[in-house]
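Report on the following structure.
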Amino acid sequence: MKSTFCFLVAFAFLVVFSAHDPSPLQDFCVATNNVKNGVIVNGKLCKDPKLVTAEDFFFSGLDKPGNTHNPPGSKVNILSAEVIPGLNTMGISMARVDYARKGQNPPHTHPRAAEIMTILEGTLKVGFITSAPTYKHFTKILTKGDVFIFPKGLVHYQVNIGKKPAVAIVGYSKSWFDCS
């Protein structure tokens, strides 16, 4: 019985401590698909540091609105390591989210990323729901300059309740964005 308990405790620690993105062992690991000019670091294909430039850490265009002419009436423009290769292994990414009048970002989750949202324009009703057994609903009306946090793994949403389009900037605690 005691050995079973010790095994379960050890297994629980293993699961908890392996369920995160590890810290990088180097200054950066710029993502690349070029096998010829890449090196393997932490199991990822990284651009040879001698070939890295400032462009690998740069993006221009976050000021451009996304196309919200779609059924949910929103567009999420994600800036992850796929767009800014220098984000690879940094554990962060961001997005611009545009909402048409009455547009929404329907209920969804990011099992491996927390999210922080800052409202630049408009009025959003946002919320998240806690997990079992309470399923508590937290909701708030946000306007320009307001910030709201969506905890990792919880179902959350945003709805534009204003009379004009809304814009938000979102940060994620993950450098690759794959809806997880």
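Because only heavy atoms are used, hydrogens play no part in the values below, and waters and symmetry mates are left out as well, while side chains stay in. Since the model is a prediction, treat every value here as computed from it, not as a measurement.
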Approximate separation, where rounding is to 0.5 Å, of K140 NZ and L124 CG: 13.5 Å
Side-chain (N88) to main-chain (P85) donor-acceptor, under 3.5 angstrom: no
Closest approach of F150 to G127 (non-hydrogen atoms, all atoms of both residues): CE2-O, 3.6 Å
Nearest atoms (heavy-atom pairs only) where N67 meets H69: OD1-N, 2.9 Å
Heavy-atom donor-acceptor pair, S173 side chain to A114 backbone, under 3.5 Å: yes
Salt-bridge contact R96-D98 (side-chain N to carboxylate O under 4.0 Å): yes
Nearest heavy-atom neighbours spanning G122 and A166: CA-CB, 3.9 Å
Parallel, tilted or perpendicular: ring planes of Y172 versus H110, cut at 30 and 60 degrees: perpendicular
Residue among V147, V126, I149 satisfying side-chain contact (heavy atoms from CB on, under 4.5 Å) with M117: V126
Flag side-chain contact, heavy atom, 4.5 Å: F58 against I84: no
Contact check, side chains of Q104 and N160, non-hydrogen atoms, under 4.5 Å: no
Whether F128 and F148 hold their rings parallel, tilted or perpendicular, with breakpoints at 30° and 60°: tilted
Under 3.5 Å: donor-acceptor pair, side chain of T109, backbone of G153: yes
Spacing of C29 atom SG and M90 atom CE [to the nearest 0.5 Å]: 8.5 Å
Heavy-atom side-chain proximity of P107 to V155 below 4.5 angstrom: yes
Heavy-atom closest contact (I119 atom, A168 atom, distance): CD1-CB, 4.0 Å
H108 backbone acceptor or donor facing H156 side chain under 3.5 Å: yes
Audit row: L87, I92, side-chain contact (heavy atoms from CB on, under 4.5 Å) steps and yes/no: CA-CA 7 Å; L87 282 172; I92 57 170; 3.8 Å; yes
Over all atoms of both residues, closest heavy-atom pair of N105 and V76: ND2-CG2, 4.0 Å
I169 vs L120 side-chain heavy atoms within contact, under 4.5 Å: yes
Candidate pair V170 and I116, rule side-chain contact (heavy atoms from CB on, under 4.5 Å), full reasoning: CA-CA 6 Å; V170 178; I116 184 167; over 6 Å; no
Test item: V83 and I78 side chains (from C-beta on) under 4.5 Å apart, heavy atoms: no
All pairs passing salt bridge (Lys or Arg N to Asp or Glu O under 4.0 Å) where residues 59-75 contributes a residue, at least two apart: none
Show the atom names and distances, to 0.1 Å, of all donor-acceptor pairs under 3.5 Å that link a side chain in residues 129-138 to residues at least two apart or in another chain.
unit_1 : atom_1 : unit_2 : atom_2 : d
T130   : OG1    : T134   : OG1    : 3.1
T130   : OG1    : K136   : N      : 2.7
H137   : NE2    : Y157   : OH     : 2.7

